[in-house]
Protein chains: 2
Amino acid sequence: MIRLRGIQRRFVVGDQSVHALADVSLDITDGEYVAIMGPSGSGKSTLLHVIGLLDRPDAGEYRLSGRDVTTLDDDGLAHIRRSQIGFIFQFFHLVPRLSAADNIALPLVLAGIAPQRRASVVARALEEFGLMDRARHRPDQLSGGQRQRVAIARATVMEPAVLLADEPTGNLDRATGFEVIRILEALTDKGITLVMVTHDPELGRRARRQIHMRDGRVVEDSGRRQ
Amino acid sequence: MIRLRGIQRRFVVGDQSVHALADVSLDITDGEYVAIMGPSGSGKSTLLHVIGLLDRPDAGEYRLSGRDVTTLDDDGLAHIRRSQIGFIFQFFHLVPRLSAADNIALPLVLAGIAPQRRASVVARALEEFGLMDRARHRPDQLSGGQRQRVAIARATVMEPAVLLADEPTGNLDRATGFEVIRILEALTDKGITLVMVTHDPELGRRARRQIHMRDGRVVEDSGRRQ
Ligand SMILES: Nc1ncnc2c1ncn2[C@@H]1O[C@H](COP(=O)(O)OP(=O)(O)OP(=O)(O)O)[C@@H](O)[C@H]1O
Ligand SMILES: Nc1ncnc2c1ncn2[C@@H]1O[C@H](COP(=O)(O)OP(=O)(O)OP(=O)(O)O)[C@@H](O)[C@H]1O
Ligand SMILES: [Mg+2]
Ligand SMILES: [Mg+2]
């Protein structure tokens, strides 16, 4: 379903060139549960953004469900993102002026879900993530871990085919973190593909497959068939 | 050195009142190394902000080095913060338009340190935190863990008497996280008071004293003398 070949992503700062991704090739099949790990700065977030169609590679090929997505224009990418991909950002990117409930509702609004159905779906998400008495709080009125949970609820509320999670428990205590991971793993039982970046080796071990990165490359892959 | 008695901090959202801190009393002596732990939303960041003079309690008393700081005006608080307190924020609060090097230099500029001395202090901090080839990058050109390290470098560059760290390793891999913790702990050898909020029980155990919070209260304190 996710097929990357020779992916390169470079950034230029001043006269310095950073190879955030250097020749990454990868296959992730439908419904797979993959952990991506590696040192700070090794390219994990960049890889997740390329997979999530939020960033275009400078070279290489990316086929999503058999389709070459590198040839799509911005509208084409936005359409696929909205219908197939849920993204949990490392730093959440919540809408500052919207309440927790309205942030979670956003994908439902964009999908044209009717208000009554939206309200019940959002209520269920708030309950699942322990946010029921924070529904009206805006992000700046929430703790770090509460914001993280709003970001996770927003990304999962449409049960997307592909769920990309960048450090989803980085701001959560152990117990809350495990509750969240159980919710995400329950989605894989429904056939959702889950790709999780994590610094926590204990969380990484729970995935069926572990990919390790260093300096923009995949240096280890427990699921590689070669 | 840090003496809190009956500290209350309430937030009002709509018609709901949140008791972020409910009757917190605490003594932290000079040079102590304390970990603050507890579930998401339990009041850890709020407590750290009150201690760091970034937030005023609604009730209760706070003496810092014997002085009642609740009676100070904003300028008075700013003066003490700048001269005595280093704060590592849960979400960093770096200046978007400044490079990593200039973000780290900020406390030195505010303290009137001469440019030549500043440059050597900043160079040493960049090296210590593995950021030498990211000196010119702005925050949006850095990975999550790189931003976190810039925030830590900025807070420690003046070797403040009190260092307050809110989840300083939340975005760091294990190895980088331990390097950072070793740097922070080395500061306690110089007599600096270190108060660290952490979700990582393994990091919490390294502190000489562990304080646990729940629902805005201190529910456990391994260092309490009563
Ligand atoms: N916009 C940018 N401009 C320049 N360099 C960038 C940019 N974004 C990322 N980088 C660099 O690319 C490298 C990979 O960044 P990335 O955010 O993917 O790392 P990461 O593995 O997610 O790290 P972390 O674990 O710290 O979050 C880093 O060294 C970073 O400095
Ligand atoms: N500005 C605010 N307005 C309203 N409520 C707030 C505000 N700031 C914090 N709160 C609430 O106060 C409580 C404590 O927040 P705090 O940020 O101190 O928690 P925390 O222990 O740091 O949590 P985390 O581990 O998730 O970072 C939370 O329930 C939060 O929703
Ligand atoms: Mg990252
Ligand atoms: Mg917090």
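Proteins come first, then strands; the chains are lettered A, B, ... in the order of their sequence lines, and each starts at number 1.
A:R209 and A:D221 are joined by a salt bridge, as a carboxylate oxygen and a charged side-chain nitrogen come within less than 4.0 angstrom of each other. A salt bridge does not link B:D200 to B:R205: none of the charged side-chain nitrogens sits closer than 4.0 Å to a carboxylate oxygen.
Residue with the most contacts toward chain B among A:T46, A:T176, A:L172: A:L172 (heavy-atom pairs, distance under 4.5 Å). Top candidate by heavy-atom pairs under 4.5 Å with chain A, chosen from B:S42, B:P201, B:P39, B:G177, is B:P39. Most heavy-atom pairs under 4.5 Å with chain B, from the set A:G144, A:G145, A:S143: that is A:G144. Per-residue counts of heavy-atom pairs under 4.5 Å with chain A were compared for B:M37, B:R136, B:H137; the largest is that of B:H137.
Residue contact with chain B, scored on non-hydrogen atoms closer than 4.5 Å, involves the backbone and the side chain of A:D133 alike. The parts of A:Q146 that come within reach of chain B are both its backbone and its side chain, each placing non-hydrogen atoms under 4.5 angstrom from that chain. Residue contact with chain B, scored on non-hydrogen atoms closer than 4.5 Å, involves the side chain of A:F91 exclusively. Both the backbone and the side chain of A:S40 come within less than 4.5 Å of a heavy atom of chain B. Contacts of A:F89 with chain B are absent, with no heavy-atom separation under 4.5 Å from either backbone or side chain. Heavy atoms of A:R147 lying under 4.5 Å from chain B belong exclusively to its side chain.
Contact check for A:E185 versus A:R206: side-chain heavy atoms found under the 4.5 Å cut-off.
Without hydrogens or angle criteria, B:D58 side chain to B:R10 main chain gives a donor-acceptor distance under 3.5 Å. Between the side chain of A:R149 and the main chain of A:F129, a donor-acceptor pair closer than 3.5 Å is present. A:K44 contributes no side-chain N or O that, together with a main-chain N or O of A:M213, makes up a donor-acceptor pair within less than 3.5 Å.
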### Message
Using salt bridge (charged side-chain N to carboxylate O under 4.0 Å, His left out), reason through B:R81 and B:D74 one step at a time and then give a plain yes or no.
### Response
CA-CA 10 Å; B:R81 277 200 311 264; B:D74 288 356; over 6 Å; no

